[in-house]
Protein chains: 2
Amino acid sequence: MKARVYVMLKNGVLDPQGEAVRHALGSLGFEGVDGVRQGKVIELDLADGTTEATVTEMCEKLLANTVIESYRVEMG
Amino acid sequence: MKARVYVMLKNGVLDPQGEAVRHALGSLGFEGVDGVRQGKVIELDLADGTTEATVTEMCEKLLANTVIESYRVEMG
């Protein structure tokens with residue numbers, strides 16, 4: 001079975017990578033790019049029967065730095 | 001307006017980061033993790049009226065390395 005985890009920086013946390021992308025898009029001539037935030041998407045290939053609680057525990061322990069990041073789990 | 005871009009390594013391309021996460025999950029005692037692939041999610045805050053074609057052009061020019069990565073655009 002598949003699960004997906006989306007990890008993004010929490011609002012208010014500076015996103016230097018997003019800023020760099022925003023500047024780069026501007027220098028390539030793209031107008032109207034007011035903000036860019038970059039995060040991670042992690043696709044997990046799991047044994048059948050793995051629960052959302054287990055995936056959440058993976059996030060808490062490893063996949064997300066919960067001090068500065070928030071995460072969302074999508075099962076199936 | 002908002003748009004989201006998901007960038008993942010193409011199938012068949014080695015994902016060392018995903019492998020590292022898989023091993024780490026195993027060493028933390030999580031069983032049944034058969035595969036992990038890690039990609040980027042980029043949230044764009046754009047001027048109203050920005051078209052999907054423009055966001056696609058951003059992907060082709062900057063956001064994705066189309067040799068080894070595939071991308072998906074989600075508008076709104």
Side-chain angles (χ1 to χ4, degrees), chain A residues 1-11 13 15-65 69-75, chain B residues 1-11 13 15-65 69-75:
Chain A
M1 68 178 284
K2 294 257 185 197
R4 266 208 195 113
V5 174
Y6 301 93
V7 180
M8 297 296 292
L9 287 170
K10 288 180 177 175
N11 288 332
V13 176
D15 181 359
Q17 209 162 358
E19 274 307 297
V21 170
R22 192 171 68 84
H23 282 293
L25 287 171
S27 59
L28 285 171
F30 291 104
E31 284 160 14
V33 181
D34 302 327
V36 177
R37 288 184 77 77
Q38 184 161 320
K40 293 180 287 194
V41 51
I42 302 163
E43 283 184 1
L44 298 162
D45 205 358
L46 303 168
D48 287 342
T50 305
T51 63
E52 182 160 348
T54 300
V55 179
T56 299
E57 197 187 341
M58 291 179 186
C59 294
E60 292 286 332
K61 285 187 174 173
L62 181 74
L63 302 180
N65 172 351
E69 292 173 331
S70 59
Y71 62 86
R72 180 165 59 88
V73 174
E74 221 179 63
M75 299 300 283
Chain B
M1 68 179 284
K2 293 258 186 200
R4 265 208 194 112
V5 174
Y6 300 93
V7 181
M8 296 297 291
L9 286 171
K10 288 181 177 175
N11 287 334
V13 176
D15 181 0
Q17 209 161 359
E19 274 308 296
V21 171
R22 191 172 68 86
H23 282 292
L25 287 172
S27 59
L28 285 171
F30 291 105
E31 285 160 15
V33 181
D34 302 326
V36 177
R37 289 184 76 77
Q38 184 162 320
K40 292 179 288 194
V41 51
I42 302 162
E43 283 183 0
L44 298 163
D45 206 356
L46 303 167
D48 287 342
T50 305
T51 64
E52 182 160 349
T54 301
V55 178
T56 299
E57 197 187 341
M58 291 178 185
C59 294
E60 292 285 331
K61 286 188 173 172
L62 181 73
L63 302 180
N65 173 351
E69 292 172 331
S70 59
Y71 62 85
R72 181 165 60 87
V73 175
E74 223 179 63
M75 299 300 283

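Here is how names work: the chains are called A, B, and so on, in the same order as the sequence lines, proteins then strands, and each is numbered from 1. No experiment lies behind these values; they were computed from the predicted model shown.
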Checklist line | Gap separating the CZ atom of Phe30(A) from the OG1 atom of Thr50(B), nearest 0.5 angstrom | finding: 11.0 Å
Check: Just wondering, more than 12 heavy atoms not from Gln17(B) lying within 6.0 Å of its CD?
Finding: no
Checklist line | Heavy-atom closest contact (Asp34(B) atom, Ala47(A) atom, distance) | finding: OD2-N, 3.8 Å
Checklist line | chain B contact via Glu57(A) - side chain, backbone, both or neither, heavy atoms under 4.5 Å | finding: both
Note to self: Taking every non-hydrogen pair under 4.5 Å, which of Leu28(A), Leu63(A), Val41(A) racks up the most with chain B?
What the structure shows: Val41(A)
Check: If you tally heavy-atom pairs under 4.5 Å against chain A, which of Asp45(B), Val36(B), Leu46(B), Leu44(B) wins?
Finding: Asp45(B)
Next item on the list: Heavy-atom pairs under 4.5 Å with chain A are the metric here; pick the option from Leu62(B), Val7(B), Val33(B) that has the most.
Entry: Leu62(B)
Notebook entry, point to check: Is the closest side-chain heavy-atom distance between Lys40(B) and Lys40(A) below 4.5 Å?
Noted result: no
Next item on the list: Enter the distance from Ile42(B):CD1 to Gln38(A):CD here, rounded to the nearest 0.5 Å.
Entry: 4.5 Å
Next item on the list: Calculate, to the nearest 0.5 Å, the distance between atoms CZ and CZ belonging to Arg4(B) and Arg37(A) respectively.
Entry: 12.0 Å
